[in-house]
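One structure is given below, encoded as structure tokens.
These numbers come from the heavy atoms of this one structure, side chains and all, not from hydrogens, waters or symmetry mates.
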2 protein chains.
Amino acid sequence: MSPSPVRFSDLVSEQSRAEIFATVLTSGPLSRTQLAQRLGLVPSSVTRMLPPLLEHGYLHESDTAPNGRGRPQKMLHVNPDKHTVVGIKIGPAQVSGVITDMAANVLARLEEPIADRTPETALSAAAALTRRLLAQTPEAADRVLGVGVGVSGHVDSAAGICRYSALLDWNKVDVAGPLRAATGLPVVVNNDVNTLVVAERWFGQGRDVDSFAVVTVGPGIGCGLLLDGALFSGATGLAGELGHLPLDPAGPMCSCGRRGCLEALAGDRAVLRHLQDAGVPCATITEAMDIARSGSGSAQTVARSAFAEAGTALGRGLAGMCNLLNLQKIILAGEGAVAHDLFGPALNQALEAHAFSTAARDCDIHVDPVTHDLWARGAACLVIREAVGAAIS
Amino acid sequence: MSPSPVRFSDLVSEQSRAEIFATVLTSGPLSRTQLAQRLGLVPSSVTRMLPPLLEHGYLHESDTAPNGRGRPQKMLHVNPDKHTVVGIKIGPAQVSGVITDMAANVLARLEEPIADRTPETALSAAAALTRRLLAQTPEAADRVLGVGVGVSGHVDSAAGICRYSALLDWNKVDVAGPLRAATGLPVVVNNDVNTLVVAERWFGQGRDVDSFAVVTVGPGIGCGLLLDGALFSGATGLAGELGHLPLDPAGPMCSCGRRGCLEALAGDRAVLRHLQDAGVPCATITEAMDIARSGSGSAQTVARSAFAEAGTALGRGLAGMCNLLNLQKIILAGEGAVAHDLFGPALNQALEAHAFSTAARDCDIHVDPVTHDLWARGAACLVIREAVGAAIS
DNA sequence: CGCTATTTCTTCCTCGTGTCAACGAAATCA
DNA sequence: TGATTTCGTTGACACGAGGAAGAAATAGCG
């Protein structure tokens with residue numbers, strides 16, 4: 001039942017071929033000349049590299065399109081159906097998965113609540129989900145390159161393990177091993193926000209941006225970094241812990257035990273606490289958004305100021321990050337990003353106020369419309385990235 | 001009088017030759033086999049690349065040293081006297097310069113107070129200093145590779161201009177142009193802290209560290225970053241503005257006009273303010289150190305707590321940076337680093353308290369004994385780096 | 001002393017990838 | 001129809017890298 005993995009890397013072994021593929025994949029249809037320019041090569045080099053990619057069907061040539069004067073260009077584009085990829089996101093209450101083609105188009109999606117967040121439960125759910133996804137789309141099953149997994153917390157990507165996750169209460173959990181054994185497929189694991197970074201870099205808002213951050217807003221504040229064109233993980237894979245930036249020595253207690261972390265000031269819990277302190281009954285962040293958007297009277301005022309306060313804290317945190325890293329773009333994602341209408345103005349104001357020199361002006365803030373399978377799609381990108389030899393990202 | 005610049009890069013044009021030179025330069029004498037291992041090459045490749053470097057005298061071969069059984073190794077080392085380099089640091093009240101050999105050994109040093117900090121005054125002082133340095137060491141003058149300049153503030157290294165410097169009150173000042181015209185030498189400009197980063201990476205504490213920061217403590221808080229082995233400057237060269245990390249919304253006003261920046265909490269001025277508020281008369285930071293170290297009674301207590309408070313703020317700021325970047329090392333430098341005995345314990349405690357997971361344990365804090373020409377020596381390293389094609393750092 | 005083992009370095013070959021210059025291909029324009 | 005323009009290919013060549021094999025220079029040992 002377990003399909004044999006296709007060795008994409010055998011065909012696209014050389015660095016330059018992988019780069020050609022990656023460039024065509026992310027930068028849409030390109031003529032040979034355009035491709036050469038983008039890669040800093042001379043056209044003849046591109047010509048020499050192409051045959052294997054075309055013969056094996058990784059790239060296609062479209063009909064010639066007249067282009068004013070001169071010989072028309074033959075556009076190259078990837079054949080998205082050549083391979084498929086599975087992406088899995090492991091959350092504390094559910095495991096969600098997608099199967100996508102090479103362009104990260106979702107072909108099928110599944111989701112499964114899990115009874116507890118033990119590694120055994122989560123990983124067997126992930127394996128089951130993978131099997132069901134493959135069974136559901138048999139035409140994709142024999143072309144699967146591998147499985148990408150996004151896990152919240154401190155992930156050692158090379159070893160395929162999760163070192164520590166507060167959200168999942170995991171400690172040194174081997175993720176790649178069990179999944180590889182259960183599915184017979186190559187498995188790539190990374191931090192969940194890093195999967196978003198790769199996805200944005202390849203197919204999203206980070207396509208032509210050399211330095212950006214993806215900041216997820218929700219129960220916690222997460223952050224993934226792409227610096228000078230490369231995913232940045234830090235010395236031990238811990239980079240991006242924006243959520244625990246100390247912002248206020250007199251601030252509220254954070255779940256990590258310290259005072260005034262960004263997460264304690266701008267996470268869901270901070271908004272809810274603000275409402276409760278003001279005597280407005282409210283249990284979930286969705287409810288808080290409803291009150292702020294369409295509530296009435298003082299409850300609405302309180303709710304709005306709760307989100308504004310969170311936005312101010314987030315703005316100060318992002319300003320700190322911009323000061324330190326001089327990013328070109330920050331992409332706000334995650335479940336909480338839908339409340340951007342509520343915290344956005346305060347965020348921008350605080351960012352502008354605390355950013356040094358041109359740091360805020362240099363940095364675009366972009367809100368990514370949160371689709372439900374964004375996480376899993378990001379995880380799928382991990383495998384595509386791995387397959388082309390990390391030529392990009 | 002102006003010596004003709006030697007085109008080092010013409011001889012060491014190829015990437016790999018530059019890498020060989022850089023590796024021998026920074027990693028001491030190496031045999032061909034060791035060199036190959038370090039560069040991830042096979043020994044024969046090293047053999048093939050060496051002849052031009054040896055012929056032109058950039059590298060020397062020492063006598064064979066018996067090495068137990070087997071053919072003895074012939075060690076390679078750089079010939080530091082092959083070229084010389086000028087390093088200039090432009091400060092608000094003085095310009096200092098050094099002339100060094102290829103190993104950044106200082107051959108001569110000069111310093112000149114400047115009457116005002118206008119670009120004209122500072123740059124003509126820098127040019128004069130360069131001329132005097134070369135006149136002073138005629139044996140070095142005909143072998144000068146170029147001039148490296150370190151300037152505080154926001155520097156566009158590629159364009160050779162200082163975009164903005166609060167300390168110097170400069171705005172879009174062309175630094176490289178006038179100096180090149182006045183000296184007839186190639187000029188490399190960068191942020192002053194970045195020159196320290198390069199120096200540490202090449203000859204100092206960052207030699208084998210892939211991700212570290214140099215944090216300068218003094219009137220202001222500066223920071224230069226080396227991330228994943230490369231100097232990180234950010235999108236517009238502004239990266240490293242650690243000094244204006246917002247740490248306390250209720251904190252004191254910063255010179256930048258905001259409240260609670262790290263610089264306002266941990267810079268020299270913060271310490272002095274603390275003393276003044278407590279009624280201890282004290283004009284300079286050196287005086288404050290004296291009081292804290294060898295003062296008496298309540299004045300000493302106040303001074304000590306002033307430094308401790310600064311250390312706590314710095315620790316919180318560094319914790320934020322560690323959380324975000326998961327650095328392997330932080331090197332404390334700058335004039336204020338000599339007060340490490342006074343603020344160090346508080347710094348470490350705050351760092352440990354606010355760092356997430358293993359971020360603090362993963363990160364060594366190192367204090368660099370501040371030598372007087374550290375800055376200018378760093379600027380000299382800029383040129384060496386440029387000459388070898390930025391093969392390292 | 002001569003032999004072998006050992007380590008270092010070199011020589012020679014092939015391969016992959018890049019450039020350059022010249023040519024062929026396919027359209028528009030006159 | 002032919003000139004022009006742009007795109008792509010072909011073939012000759014350079015160069016860095018790897019691999020196999022051999023030369024160089026030592027220590028140890030009978």
Side-chain angles (χ1 to χ4, degrees), chain A residues 9-24 27-56 58-77 388-389 391-392, chain B residues 9-24 27-56 58-77 388-389 391-392:
Chain A
S9 48
D10 292 347
L11 292 168
V12 190
S13 59
E14 303 86 0
Q15 178 69 8
S16 3
R17 248 179 271 276
E19 249 169 63
I20 287 181
F21 181 84
T23 306
V24 175
S27 302
L30 289 170
S31 74
R32 286 159 168 79
T33 316
Q34 294 168 330
L35 191 52
Q37 268 187 341
R38 232 168 218 278
L39 294 171
L41 297 177
V42 72
S44 55
S45 302
V46 173
T47 295
R48 195 172 23 75
M49 305 297 296
L50 278 179
L53 287 170
L54 291 168
E55 276 166 27
H56 291 100
Y58 289 102
L59 297 181
H60 278 165
E61 228 170 13
S62 75
D63 294 344
T64 67
N67 179 26
R69 214 174 167 86
R71 175 174 173 174
Q73 327 168 296
K74 277 190 257 179
M75 305 307 272
L76 298 163
H77 35 151
V388 301
I392 290 196
Chain B
S9 48
D10 293 346
L11 291 168
V12 189
S13 59
E14 302 85 358
Q15 177 69 10
S16 4
R17 247 178 275 275
E19 251 170 64
I20 287 180
F21 180 83
T23 306
V24 176
S27 302
L30 290 170
S31 75
R32 286 158 168 78
T33 317
Q34 293 168 331
L35 191 52
Q37 268 187 340
R38 235 171 215 275
L39 293 171
L41 296 177
V42 65
S44 56
S45 301
V46 173
T47 295
R48 190 173 24 76
M49 306 297 295
L50 279 180
L53 287 170
L54 291 168
E55 275 165 28
H56 290 100
Y58 290 101
L59 297 182
H60 277 165
E61 225 170 13
S62 73
D63 294 343
T64 66
N67 180 24
R69 214 174 169 87
R71 176 175 173 173
Q73 327 169 293
K74 278 190 256 179
M75 304 308 270
L76 298 163
H77 35 151
V388 300
I392 291 196

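- Distance, A:Arg32 CZ to D:dT10 P: 10 Å, rounded to whole Å.
- Following rounding to the nearest Å, A:Leu35 (CG) and D:dT6 (C1') show an atom-to-atom distance of 17 Å.
- In this model, the phosphate group of C:dC9 is not approached by any side-chain N or O of B:Thr47 to a distance below 4.0 Å at OP1 or OP2.
- Considering only side-chain atoms of A:Met49, the nucleotide from C:dG18, D:dG8, C:dT28 that sits closest is C:dG18.
- For A:Thr33 and D:dT6, the shortest distance from a side-chain N or O to OP1 or OP2 is not below 4.0 Å.
- The interatomic distance linking A:Arg17 (CZ) with C:dG18 (P) rounds to 10 Å, in whole Å.
- Within the nucleic acid shown, B:Ser44 comes within 4.0 Å of at least one base atom, counting heavy atoms only.
- Using a 4.0 Å cut-off, no side-chain N or O of A:Arg69 falls inside it from OP1 or OP2 of D:dA3.
- To the nearest 0.5 Å, atom CG of residue B:Leu35 and atom CD of residue B:Glu19 are 10.0 Å apart.
- Side-chain N or O atoms of B:Arg17 include one that pairs as donor or acceptor with a backbone N or O of B:Met49 at under 3.5 Å.
- The A:Ser45 side chain lies nearest to C:dG18 when the options are D:dT9, D:dA25, C:dG18.
- Checking C:dT17, D:dG8, D:dA17 against the side-chain heavy atoms of B:Arg48 singles out D:dA17 as nearest.
- Of all nucleotides listed (D:dG18, D:dC7, D:dA23), D:dC7 comes nearest to the side chain of A:Arg71.
- Looking at the side chain of A:Leu41, the nearest of the listed nucleotides C:dA25, C:dG18, C:dC9 is C:dG18.
- Atom-to-atom, CG of B:Leu50 to P of C:dT11 comes out at 12 Å; the value is rounded to the nearest Å.
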